[in-house]
Amino acid sequence: MRRVLVLGSTGSIGVQALEVIEREPDLELAGLSCGSRVDEMLAQARAAGVTHTAAAVGGGTVGFDAELAGLMDATAPDVVVNAIVGAAGLRPTLAALERGLPVALANKESLVVGGELVRALRERTGADLHPIDSEHSALWQLLEGIPPERVASVAITASGGPFRGRTADELSDVGVDDALAHPTWSMGAKITIDSATLMNKGLEVIEARHLFDLDDEQIEVVVHPQSIVHALARLTDGALLAHLGAPDMRAPIAHALAWPRPPVPSLSPFDLVGRELTFEEPDTECFRCLALARQAGRDGGTAPAVLNAANEVAVEAFLAGRVRFLDIGALVERALASVPGEPADSLEAVERADAAARDVVRDAVDGRRPGAPSTAGVGA
Ligand code: NDP
Ligand code: MG
C-alpha cells in the first residue's frame with residue numbers, strides 16, 4: 001500500500017486525486033488539507049475514513065506551516081500530492097522534500113517561485129518530484145529512458161483558451177464569465193484565468209525548465225486548440241515524439257501516484273480516426289503574459305517570483321471585477337519593472353520579492369499611487 005497525503009483536497013485537482021486514490025488498489029489516503037472550505041474537507045475525510053486533516057483558514061501562514069509539518073509527521077505518507085493553488089504551495093513542497101518525501105506536484109507555482117530552492121533540496125535529499133501538470137507529465141513519459149544528449153528541444157501545447165484569435169481591441173471588455181469559459185479543460189478559477197491570458201503557459205515554460213533542466217530556447221509553445229497532444233520532444237536526429245490523450249487530469253494524477261507501476265486502466269481507447277489536430281503560433285503581442293513570463297524566466301533570480309505574485313493579485317482583482325482582463329498583463333509588467341531582481345538563493349529572498357510585487361499591484365489596483373490604473377483599464 002502506498003499512503004498518500006493530499007494537500008488542497010477541496011480543489012479541482014484535489015478532488016480528482018481522491019477519485020484516483022479510491023480506484024487504485026495500491027493507494028490509500030493518509031490525510032488531507034484545505035484552505036478555507038473546511039466542511040468540505042471534513043466530509044471528504046469522513047467518507048475516506050481518515051482523521052488527519054489541516055486547514056489554512058484562520059491559522060495564518062505560520063500556523064498552517066506548523067500544522068502541515070505536524071500532518072506530514074503524523075501521517076508519515078509515502079507520497080504527498082501538492083494541489084494547493086499559488087505561491088502558498090511553495091513551503092509545503094519544501095517541507096515534504098526536506099523530509100525526503102516524494103511530491104506529486106500540481107502546484108506549478110512552487111517551481112516558478114522557488115525553482116532553485118526546490119532543485120537544491122531535491123539534490124540534497126534525493127526526494128522525487130513527479131509532475132501532475134498534463135504537459136509535464138507528458139514530457140516525463142516521453143523523455144523517460146531517452147539520454148538527455150539526444151533531446152534537442154521540447155514543445156508544450158496550449159489550448160489558446162477562450163479568447164484564441166481575438167485582437168487586443170476585442171479583449172478590452174471581456175468579462176469574468178467569458179474568461180472562465182475554458183473550451184477544453186475544467187479547472188480552478190485561477191488557472192482558468194491564467195489559461196485565458198496564456199500566463200499559464202508561461203508559468204509552465206519555467207516549470208519545465210526546472211523539471212527537465214532545459215534552457216528557455218529549448219522549449220517551444222504551440223497553440224493546439226483540441227488539447228489532445230499535450231507535449232512533444234524533438235530528438236537530435238530530427239525525430240519528433242508526441243504524447244496524445246483526452247484532456248482528463250485524472251490520467252496524469254494516476255501516472256504520478258502509481259509510478260513506477262502503470263495505473264489501472266481507466267481511459268477508454270483513444271480513437272484517432274476522424275480527429276483533426278491543428279497547431280498555431282501563440283500571439284504574444286496580444287497575450288503579453290506569455291512573453292512576460294518567458295522574459296522573467298530568462299532573467300531568473302527573483303523575477304519569476306515577482307511575476308507570479310503580481311499575477312496572483314491581478315487575477316484576484318480581475319475575478320472581483322476590480323480590473324479589466326488586459327490590466328492583468330499590464331499590472332504584472334508594472335511589478336516586474338518596479339521590484340528589483342535579486343538572486344533567488346533563499347526562501348526569505350523569494351518571499352520578500354513576492355511580498356513587494358503584491359504591494360505594487362495592490363497599490364495600483366487601489367489607485368493609491370500616481371499613475372495607477374483605474375478600474376477603467378490600464379492601457380499599454
Ligand atoms: P483550486 O482553486 O480548484 O483548488 C485549490 C486548493 O488549494 C483548494 O483545496 C484550496 O482550499 C487550497 N488552497 C487555496 N489557498 C490555500 C492556502 N493559502 N493554503 C493552503 N491551501 C490553499 O485549484 P486547482 O485544483 O485548479 O489547481 C491547484 C494547482 O494545480 C494549481 O497550482 C494549478 O496551477 C495546478 N494545476 C491545475 C490543473 C487543473 O486541471 N485544475 C491542471 C494543471 C495544474 P479551499 O478550497 O478550502 O479554499
Ligand atoms: Mg498544464
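When a ligand or atom number is given, it counts from 1 through the structure's own listing order.
- Ligand 1 has no N or O atom lying under 3.5 Å from any N or O atom of Ser134, backbone or side chain.
- Two residues are said to be in side-chain contact when any heavy atoms from C-beta on lie closer than 4.5 Å; Ile132 and Leu105 fail this criterion.
- Judged by distance alone, with hydrogens and angles left aside, the side-chain atoms of Glu24 form no donor-acceptor pair with the main-chain N or O of Ile21 at under 3.5 Å.
- Considering backbone and side-chain atoms alike, Ala189 places every N or O at 3.5 Å or more from each N or O of ligand 1.
- Few gaps surround CD on Glu149; more than 12 heavy atoms of other groups in view lie less than 6.0 Å from it.
- Between Lys190 and Glu109, at least one side-chain nitrogen of the basic residue sits less than 4.0 Å from a carboxylate oxygen of the acidic one, meeting the salt-bridge criterion.
- Distances below 4.0 Å separate heavy atoms of Ala83 from the following atoms of ligand 1: 5 (C), 6 (C), 7 (O), 28 (C).
- Looking only at protein heavy atoms, the nearest one to atom 43 (C) of ligand 1 is Asp133 OD1, 3.1 Å.
- Electrostatic pairing of Asp78 and Arg3 does not count as a salt bridge here, judged by no charged N lying under 4.0 Å from a carboxylate O.
- Remark: minimum distance from atom 14 (C) of ligand 1 to any protein heavy atom is reached at Val85 CG1, 3.8 Å.
- The closest donor-acceptor contact from the side chain of Arg209 to the backbone of Gly297 lies under 3.5 Å.
- At the Mg ion (ligand 2), the vertex angle linking OE1 of Glu135 with OE2 of Glu204 is 100° (nearest 10 degrees).
- Taking the six-membered ring for Trp and the full ring otherwise, the centers of Phe325 and Phe163 sit less than 6.0 Å from each other.
- Counting only heavy atoms of the protein, atom 18 (N) of ligand 1 lies nearest to Ala88 CB, 3.5 Å.
- In this structure, Leu139 and Glu135 have side chains that are not in contact, with every pair of non-hydrogen atoms separated by 4.5 Å or more.
- For atom 35 (C) of ligand 1, the nearest protein heavy atom (residue, atom name, distance) is Ala106 O, 3.1 Å.
- Remark: minimum distance from atom 29 (C) of ligand 1 to any protein heavy atom is reached at Ile84 O, 3.5 Å.
- Comparing Arg91, Lys190, Glu40, Glu109 against atom 32 (O) of ligand 1, the shortest heavy-atom distance belongs to Glu109.
- Taking only nitrogen or oxygen atoms, main chain and side chain alike, Met187 does not reach within less than 3.5 Å of ligand 1.
- Looking at Asp133 and the Mg ion (ligand 2) together, the shortest N, O or S contact belongs to OD1.
- Atoms of ligand 1 found under 4.0 Å from any heavy atom of Met249, numbered from 1 in the order shown, are 40 (O), 42 (C), 43 (C).
- At a 4.0 Å heavy-atom cut-off, ligand 1 touches Arg37 through backbone and side chain alike.
- Ring pair His230/Trp185 is tilted by interplanar angle, where 30° to 60° counts as tilted.
- Within ligand 1, the atoms closer than 4.0 Å to a non-hydrogen atom of Phe64 are 19 (N), 20 (C), numbered from 1 in the order shown.
- Scanning the protein for heavy atoms near atom 26 (O) of ligand 1, the closest one is Gly188 N, 2.9 Å.
- From the protein, the heavy atom lying nearest to atom 48 (O) of ligand 1 is Ser36 N, 3.0 Å.
- With hydrogens and angles ignored, the 3.5 Å screen pairs a side-chain donor or acceptor of Thr302 with a backbone N or O of Glu342.
- Residue Ile191 has no N or O atom closer than 3.5 Å to an N or O atom of ligand 1.
- The distance criterion of under 3.5 Å between nitrogen or oxygen atoms is met by Thr10 with respect to ligand 1.
- The shortest N/O to N/O separation between Ile13 and ligand 1 falls below 3.5 Å.
- Polar contact check, Gly35 against ligand 1: a nitrogen or oxygen pair lies under 3.5 Å apart.
- The side-chain contact (heavy atoms from CB on, under 4.5 Å) test with Pro92 is passed by exactly one of Leu7, Asn107, Leu5: Leu7.
- Classification of the Trp259-Trp140 ring pair by plane angle, with boundaries at 30° and 60°, yields tilted.
- Side-chain N or O atoms of Asp169 include none that pairs as donor or acceptor with a backbone N or O of Leu171 at under 3.5 Å.
- Among protein heavy atoms, the minimum distance from atom 19 (N) of ligand 1 is reached at Ala56 CB, 3.5 Å.
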